[in-house]
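One structure is given here, and the rest of the page talks about it.
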Amino acid sequence: MRHLKTAIGLMLTAVMLFPIYWMINVSFTRDQDMRKTPPSWFPVNGTLDGYRAVLDQQLPYLGVSLVVGLGTVALTLLLAAPAAYSLAKLRPRGGGALSFVLLIAQMIPGIIMAMGFYAIFLTTGVLNTVPGLIVADSTLAVPFAVLILTTFMSGIPEELLQAARTDGAGVVRTFTSIVLPVSRNSIITVSLFAFLWAWSDFIFASTLDQGGDHQPITLGIYRYIGNNNQEWNAIMATAVIASIPATILLVVAQRYVAAGVTAGAVKD
């Protein structure tokens, strides 16, 4: 029975990963072999032309996405970590209502938020700019980060914080020296999701940065498909390279994410 479950699991995993394999296969396939019947399951006569095209044309888009992703992570943590600490340990008046509002905020469709941001950014002059895109992407990550960090910080023993206060640490010192280090795994978790959301965002990018000089990789792929809809090896090569940073982050941060979701603060 165990072997049967393993076989079924492997089969389902292969089905789910097949599109990724096919994307990689097509990225190495020559143009003249693209519509071959039956299709080639392996790039026997492979080519690197698609990857050369990506390196020539798509690197600026990748650089912008990296800046936007890291900026979104920084702004998310700057706003979410103190807010979560306040809700979890300082318990301000109206904290329950604020948590409910944050939960509701996650249910608002992105396109509606994008339209609202468009009007605001047009008035404030930050439309088609990287900082504007960072602010917009952060609105998706901050509510999620506050909820996750609040849940984790609520489990920090009061005795630990009381010991810090006894030693003369104020609220800020306790937060920076005790709460943040103990919350490492949850911080890495929300940072990872914030980066991935910003990296894969298309709605905000296409609405708020359509005419900007610095655009993310999602718009780069979109424009590349529109201008080169016959060069599928280059299109798939762009998708492969765009997925590499996210893949590396997921592999490196996997154990921290698992610990951030399941572990208690005293077991960190």
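Because only heavy atoms are used, hydrogens play no part in the values below, and waters and symmetry mates are left out as well, while side chains stay in.
Between Trp199 and Phe195, the ring planes are parallel. Angles under 30° get that label, and only those over 60° would be called perpendicular.
Between Ala242 and Pro245 the shortest heavy-atom distance is O-CD, 3.5 Å. When all heavy atoms are compared, the tightest approach of Thr139 to Pro143 is O-CD, 3.1 Å. The two residues Val130 and His214 have their closest heavy-atom pair at CG2-CB, 3.8 Å. Closest approach of Ile24 to Ser27, counting heavy atoms only: O-OG, 2.5 Å.
In this structure, a donor-acceptor pair under 3.5 Å is absent between the side chains of Ser206 and Tyr222.
Taking 4.5 Å as the limit, some side-chain heavy atom of Thr174 sits within range of a side-chain heavy atom of Tyr85. Counting only heavy atoms from C-beta outward, the side chains of Ile241 and Gln58 never approach each other to under 4.5 Å. Side-chain atoms of Ser154 and Thr150, non-hydrogen and from C-beta on, do get closer than 4.5 Å to each other. No side-chain heavy atom of Thr207 sits under 4.5 Å from any side-chain heavy atom of Phe117.
Both Met236 and Phe42 belong to a single network of hydrophobic side chains, linked directly or stepwise wherever heavy atoms of I, L, V, M, F, W or Y lie under 4.5 Å apart. Following chains of ILVMFWY side-chain contacts shorter than 4.5 Å, one can reach Ile111 starting from Leu122, so the two form part of one hydrophobic cluster.
Between the side chain of Thr218 and the main chain of Asp201, a donor-acceptor pair closer than 3.5 Å is present. Judged purely by atom type and a 3.5 angstrom limit, Lys89 uses its side chain to pair as donor or acceptor with the backbone of Ile156. No side-chain donor-acceptor contact under 3.5 Å links Ser86 to the backbone of Ala83. A donor-acceptor contact shorter than 3.5 Å is absent between the side chain of Gln215 and the backbone of Ala205. Remark: side-chain polar atoms of Ser183 are not paired, donor with acceptor, to backbone N or O of Leu180 under 3.5 angstrom.
When each of Phe204, Phe202, Phe144 is checked for a ring pair (Phe, Tyr, Trp, His ring centres under 6.0 Å) with Trp197, only Phe144 meets the rule.
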Could you list the donor-acceptor pairs under 3.5 angstrom formed by side chains in residues 3-10, with sequence neighbours left out?
from, atom 1, to, atom 2, distance (Å)
Thr6, OG1, Arg2, O, 3.0

List the atom pairs, with distances to 0.1 Å, where a side-chain N or O of residues 66-82 and a protein N or O form a donor-acceptor pair under 3.5 Å, not counting sequence neighbours.
from, atom 1, to, atom 2, distance (Å)
Thr72, OG1, Val68, O, 2.7
Thr76, OG1, Thr72, O, 2.6

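Enclosure of atom CZ in Arg165 by more than 12 non-hydrogen atoms of other residues, nucleotides or ligands within 6.0 angstrom is indicated.
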